[in-house]
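This report refers to the structure that appears directly beneath it.
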Number of protein chains: 2
Amino acid sequence: MSEDLLTIREMCDAYDVTPRTLRFYESKELLFPIREGQKRLFTKRDRARLKLILRGKRFGFSLEEIRQLLDLYDMGDQQATQLRRTFNVAQQRLKDMEEQRDELNEAIDDLREQLKWGEKIVADFENEQKAAQ
Amino acid sequence: MSEDLLTIREMCDAYDVTPRTLRFYESKELLFPIREGQKRLFTKRDRARLKLILRGKRFGFSLEEIRQLLDLYDMGDQQATQLRRTFNVAQQRLKDMEEQRDELNEAIDDLREQLKWGEKIVADFENEQKAAQ
DNA sequence: CGTCCCTCTTACGTTAACGTAAAGCAGTAC
DNA sequence: GTACTGCTTTACGTTAACGTAAGAGGGACG
């Protein structure tokens, strides 16, 4: 309880990010550390938000999308409507990700097919060279 | 045979790219259209290369990687070593793509899990919101 | 007192793959 | 002749998420 506030370095060590990243997130209004003189001190709230930010990034949300989602939480007056909107955004993201995965799978299959031929060509060629000796 | 050469617009229409893109590819030495006065005329070779470029992009190769592959291809089948190197690059790319797909699948599973608990996630959000304040 | 060490602000740099605007020539239609 | 189209070159702009360097303030240590 005594250490409720973290310095920028402690935050970096705790969440494996750089100082630049934290300052950048602050500039983008994703975090709101308090000040002690010039120095930033990150609160429990900042830590919770950073966790959500990093999770959001794993899901492929952009920082701007994440900010909007965090803002929605914070506003929280018409909870139901806004949570539904949050929900929809997340579902859309899921769809996008699945689409992306499907495209990737197609490309993988195609490339595999190419490599099947490629291997044959390379092998043929190497055999020819052997034979030519 | 009479229409062996395409203008830039014909190329654009045929392959669904912009003039800027074709000029850009030329500047990056991916294409080598001939000139009739000032105007570019794209040969059969350019069309073949463009097809490979677009396919390469689908596979997630960067333009620079594509250029190197095309160069190796052009150098001819002089040396099996080069074919082998081309082959290896492609195989590496396949590995990368499969890795990327796996990560994507993990994220998809995670996100799906979050969404699955419809009511629960709402509670989570509200809790995190509290914490975030 | 000097020298680290951490932090701060400011602000330009990075990367890929083009987009877009400005200004001009060439040929063709009217 | 002039308007219109299509092509050209040159060159700055765009986007995301920070990286990185410069210069300075302040506290702690020895």
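Just so you know, these numbers come straight off a predicted model, no measurement behind them. Below, chain A is the first sequence line, B the second, and so on; all start at residue 1.
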Let me know the distance between [atom1] of [X] and [atom2] of [N], rounded to the nearest Å.
{"X": "A/Lys57", "N": "D/dA16", "atom1": "NZ", "atom2": "P", "answer": "13 Å"}
{"X": "B/Met11", "N": "D/dC7", "atom1": "CE", "atom2": "C1'", "answer": "15 Å"}
{"X": "B/Ile53", "N": "C/dA16", "atom1": "CD1", "atom2": "C1'", "answer": "15 Å"}
{"X": "A/Arg67", "N": "D/dA17", "atom1": "CZ", "atom2": "P", "answer": "12 Å"}
{"X": "A/Glu64", "N": "D/dC18", "atom1": "CD", "atom2": "P", "answer": "14 Å"}
{"X": "A/Ile66", "N": "D/dC18", "atom1": "CD1", "atom2": "C1'", "answer": "14 Å"}
{"X": "B/Phe24", "N": "D/dT14", "atom1": "CZ", "atom2": "C1'", "answer": "13 Å"}
{"X": "B/Leu6", "N": "D/dC7", "atom1": "CG", "atom2": "P", "answer": "12 Å"}

[X]: which residues meet the side chain to side chain donor-acceptor pair (under 3.5 Å) condition with it, sequence neighbours left out?
{"X": "A/Glu36", "value": "none"}
{"X": "A/Asp13", "value": "none"}
{"X": "B/Arg45", "value": "B/Asp74"}

N/O donor-acceptor pairs under 3.5 Å from side chains in residues 27-34 of chain A, not counting sequence neighbours:
| from | atom 1 | to | atom 2 | distance (Å) |
| --- | --- | --- | --- | --- |
| A/Ser27 | OG | A/Phe24 | O | 2.7 |

Look at the side-chain N and O atoms of [X] and state whether any lies under 4.0 Å from the OP1 or OP2 oxygen of [N].
{"X": "A/Thr21", "N": "D/dG19", "result": "yes"}
{"X": "B/Thr18", "N": "C/dG19", "result": "yes"}
{"X": "B/Tyr25", "N": "C/dA17", "result": "no"}

### Task
Please list, chain by chain and in numerical order, all residues satisfying salt bridge (Lys or Arg N to Asp or Glu O under 4.0 Å) with B/Arg55, sequence neighbours excluded.
none

### Pairing residues for A/Glu65 by the salt bridge (Lys or Arg N to Asp or Glu O under 4.0 Å) criterion, not counting sequence neighbours
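Salt bridge (Lys or Arg N to Asp or Glu O under 4.0 Å) check on A/Glu65 returns nothing, list empty.
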
### Summary
The contact string for nucleotides 5-12 of chain C, one letter per nucleotide 5' to 3', using protein heavy atoms under 4.0 Å with B, S and - for base, sugar-phosphate only and none, comes out as --SSB-B-

### Message
Between the opening five pairs and the closing five pairs of the helix from C/dC1-D/dG30 to C/dC30-D/dG1, how far apart are the helix axes, to 10°?
### Response
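The two end axes of the helix from C/dC1-D/dG30 to C/dC30-D/dG1 meet at 30°.
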
### Summary
Rounded to the nearest 0.5 angstrom, the NZ-OG1 distance for B/Lys39 and B/Thr7 is 8.5 Å

### Query
Shortest non-hydrogen contact from B/Arg47 to B/Phe42?
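Looks like NH1-O, 3.4 Å.
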
Donor-acceptor contacts under 3.5 Å from residues 99-106 of chain B side chains, at least two apart:
| from | atom 1 | to | atom 2 | distance (Å) |
| --- | --- | --- | --- | --- |
| B/Arg101 | NH1 | A/Asn105 | OD1 | 3.2 |
| B/Asn105 | OD1 | A/Arg101 | NH1 | 3.1 |

